[in-house]
Amino acid sequence: MKKISGLILFSFLVFHSCMEEPDMQPNTNKGNFEALWKIIDTKYCYLDYKGVDWDSVHTVYQVRVDTVKNEFGFFNLLGSMLGELKDGHVNLYSDFNRSRYWRWFTDYPSNFSSPLVFSDRYLGDDYLIAGGMRYGKIANGTIGYIYYGDLDDVFTDVNISYIFNYFASCSALIVDVRNNGGGYLDLSGKLASYFFTEEKVTGYMAHKTGTGHSDFSSPVKIKTTPHKTIRWERPVAVLTNRMSYSATNEFVCRMKQAPHAVVIGDQTGGGGGLPLSSEIPNGWMVRFSASPIYDADMNHIEWGIEPDIPVEMKPEDEASGYDTIIERAITYLMLK
């Protein structure tokens, strides 16, 4: 998530500007360790929800601080400590490396094959491109298919208008966001807006209001407002897998409330916390989840969103040139 929109940004900054900053620490290994541990202890939003005993983590890693031999070893130690949070939004940045936690998707089947998507059965090699969206007609021209792989790729109303007009003769639409690891948060709401006919509460967000692990504000409503002129009011299937993460996860959360939408595939990867960044004394930056986002029923979306129709890719289908998840979507949409 790289860009935050409107009211969400305003309330996010107001709440976090009021939070107390941790005490300054010296620029030593011990001081940097304590500073990083304290930032997470006071600002990270999922310690209680995930059941992380952060005090025990301190005990385990503190004794290892004096054993590291250089800054690379120290960086790896801090990165390992942050890995205890099991959060893809948590990173430590230095001039020579970036720590990351990838097991939110590497521990699971991919449920996606780019060569299949771009095979002749689906998009082929003569597909159209608009605003980062690859699109074409499949199922003998009866269903529109969009592959959108990166919410960093900005699209406009003009792009979407052309795409929807191209699919005017199609009875249904597939929006495939598998392997879309996120990007601009405001684009998730914008993309969802084309599939709503009335304003709906599609989620909530809370903000840290103090240094306690469970010091949160009352939840703020996240609303999805329909686009004034561009709307798809026929069936739409959203295809997901574990690499549908961060802002894409939030898009799927919104689409679960869209009137003609169904989510098909694997559970999304999650990434439900709005990130914030801070600095430790040696200049390294840490990014962490600061504000939890919930679905319309106030359930956390940090660990991902279950599809309406769970589908796994079958090796025998792949070997025969079929994408199991796309085929299941086609079958479902043909019956609508």
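Just so it is clear, the model here is predicted, and its values are computed rather than measured. Computation of the quantities below employed the complete heavy-atom set of this structure, encompassing side-chain atoms and omitting hydrogens, waters and symmetry-equivalent molecules.
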Novice: I want to check something: taking the side chain as every heavy atom from C-beta on, are Glu34 and Gln62 in contact at a cut-off of under 4.5 Å?
Specialist: yes

Novice: Aromatic ring centroids of Phe96 and Phe72 under 6.0 Å?
Specialist: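 Ring-ring flag for Phe96/Phe72: true, centres closer than 6.0 Å.
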
Novice: Run the salt bridge (charged side-chain N to carboxylate O under 4.0 Å, His left out) test against Lys50 and tell me which residues pass, sequence neighbours left out.
Specialist: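 Residues passing salt bridge (charged side-chain N to carboxylate O under 4.0 Å, His left out) with Lys50: Asp87, Glu302.
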
Novice: Under the side chain to side chain donor-acceptor pair (under 3.5 Å) rule, what do Asn111 and Glu312 come out as? Steps first, then yes or no, please.
Specialist: CA-CA 6 Å; Asn111 283 308; Glu312 297 281 337; 2.9 Å; yes

Novice: For Thr28, what residues pass the side-chain contact (heavy atoms from CB on, under 4.5 Å) criterion, not counting sequence neighbours?
Specialist: Pro26, Lys30

Novice: Answer yes when Asp317 and Arg328 have at least one side-chain N-carboxylate O distance shorter than 4.0 Å, and no when they do not.
Specialist: no

Novice: Please confirm whether the ring centroid of Tyr127 lies under 6.0 Å from the ring centroid of Tyr145.
Specialist: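 No: the rings miss the under 6.0 Å criterion.
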
Novice: Would you say the rings of Tyr147 and Phe112 are close, in the sense that their centroids are separated by under 6.0 Å?
Specialist: yes

Novice: Let me check something: any side-chain donor-acceptor pairs from residues 155-165 under 3.5 Å, sequence neighbours excluded? List them with distances.
Specialist:
from	atom 1	to	atom 2	distance (Å)
Thr156	OG1	Val158	N	3.3
Thr156	OG1	Asn159	N	3.1
Thr156	OG1	Asn159	OD1	3.1
Asp157	OD1	Tyr194	OH	2.6
Asp157	OD1	His227	NE2	3.3
Asp157	OD2	His227	NE2	2.8
Asn159	OD1	Thr156	N	2.8
Asn165	ND2	Ser161	O	3.1

Novice: Hydrophobic clusters here meaning ILVMFWY residues chained together by side-chain heavy-atom distances under 4.5 Å, can you tell me if Ile264 and Tyr135 are in one?
Specialist: no

Novice: Please give the remaining members of the hydrophobic cluster of Tyr93, linking ILVMFWY side chains under 4.5 Å, ordered by chain and number.
Specialist: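 Met285, listed by chain and number.
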
Novice: Taking the side chain as every heavy atom from C-beta outward, state whether Met334 and Thr142 have any atom pair closer than 4.5 Å.
Specialist: yes

Novice: Has the side chain of Asp153 got a donor or acceptor atom that lies under 3.5 Å from a matching backbone atom of Tyr148?
Specialist: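 Between the backbone of Tyr148 and the side chain of Asp153 there is no qualifying donor-acceptor contact (under 3.5 Å).
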
Novice: Answer yes or no: is there a donor N or O on one side and an acceptor on the other, between the side chain of His89 and the main chain of Gly273, under 3.5 Å?
Specialist: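 A pair under 3.5 Å: yes.
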
Novice: Tell me if the centroids of the rings in Phe105 and Tyr245 come within less than 6.0 Å of each other.
Specialist: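 No, the ring of Phe105 stays outside the 6.0 Å limit from the ring of Tyr245, centre to centre.
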
Novice: May I ask you to check whether Tyr44 and Trp54 place their ring centres under 6.0 Å from each other?
Specialist: no

Novice: Return the CD1 to CG distance between Ile129 and Leu123, rounded to the nearest 0.5 Å.
Specialist: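 It is 10.0 Å, given to the nearest 0.5 Å.
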
Novice: Is the backbone N or O of Trp303 less than 3.5 Å from a side-chain atom of Gln267, with the two atoms forming a donor-acceptor pair by type?
Specialist: yes

Novice: Please tell me if the side chains of Thr197 and Pro226 come closer than 4.5 Å, counting only heavy atoms from C-beta onward.
Specialist: no

Novice: Within the side chain of Asn91, is there an N or O that forms a donor-acceptor pair under 3.5 Å with the backbone of Ser99?
Specialist: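 Between the backbone of Ser99 and the side chain of Asn91 there is a qualifying donor-acceptor contact (under 3.5 Å).
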
Novice: As an exercise, state the distance from CD1 of Ile305 to CD of Glu250, rounded to the nearest 0.5 Å.
Specialist: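 Going from CD1 on Ile305 over to CD on Glu250, the span is 8.5 Å.
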
Novice: Give the C-alpha distance, both sets of side-chain angles, the deciding distance and a yes or no for side-chain contact (heavy atoms from CB on, under 4.5 Å) between Trp104 and Thr268.
Specialist: CA-CA 10 Å; Trp104 52 268; Thr268 61; over 6 Å; no

Novice: Taking the side chain as every heavy atom from C-beta outward, state whether Asp308 and Lys256 have any pair of such atoms under 4.5 Å apart.
Specialist: yes

Novice: For the backbone of Thr202 and the side chain of Thr224, can you confirm whether one donor and one acceptor N or O come within less than 3.5 Å of each other?
Specialist: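 Not at all, since once roles are kept as given, no pair shorter than 3.5 Å links the two residues.
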
Novice: For Leu274, does its backbone N or O pair with a side-chain atom of Ser291 as donor and acceptor, under 3.5 Å?
Specialist: no

Novice: Shared ILVMFWY cluster between Phe195 and Ile143, side chains joined below 4.5 angstrom?
Specialist: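 The answer is no; the residues belong to distinct hydrophobic clusters.
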
Novice: Apart from Val63 itself, what residues make up its hydrophobic cluster, given side-chain heavy atom links below 4.5 Å?
Specialist: none

Novice: With a 4.5 Å limit on heavy-atom distance, are the side chains of Ile326 and Arg178 in contact?
Specialist: yes

Novice: Taking the side chain as every heavy atom from C-beta outward, state whether Val60 and Glu84 have any pair of such atoms under 4.5 Å apart.
Specialist: no

Novice: If the condition is salt bridge (charged side-chain N to carboxylate O under 4.0 Å, His left out), which residues does Arg103 pass it with, not counting sequence neighbours?
Specialist: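 For Arg103, the residues satisfying salt bridge (charged side-chain N to carboxylate O under 4.0 Å, His left out) (neighbours in sequence not counted) are Asp107.
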
Novice: Applying the 4.5 Å side-chain criterion to the ILVMFWY set and letting contacts propagate, would Leu276 and Tyr46 be lumped into a single cluster?
Specialist: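 In one cluster with Leu276: Tyr46, yes.
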
Novice: Can a side-chain donor-acceptor contact be found between Asn29 and Asp66 if the only test is distance below 3.5 angstrom?
Specialist: no

Novice: Starting at NZ of Lys314, measure out to OH of Tyr322 and round the result to the nearest 0.5 Å.
Specialist: 13.0 Å

Novice: Would you call Arg121-Glu327 a salt bridge at under 4.0 Å N-O?
Specialist: yes

Novice: Does NZ or CZ of Arg242 come closer than 6.0 Å to the centre of the six-membered ring of Tyr108, within 45° of the ring's axis?
Specialist: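 Checked: cation-pi criterion met.
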
Novice: Run the numbers on Lys190 and Tyr184 for side-chain contact (heavy atoms from CB on, under 4.5 Å), then give the verdict.
Specialist: CA-CA 10 Å; Lys190 182 175 181 178; Tyr184 292 105; over 6 Å; no

Novice: Answer whether the closest heavy-atom distance between the side chains of Leu85 and Phe288 falls below 4.5 Å.
Specialist: no

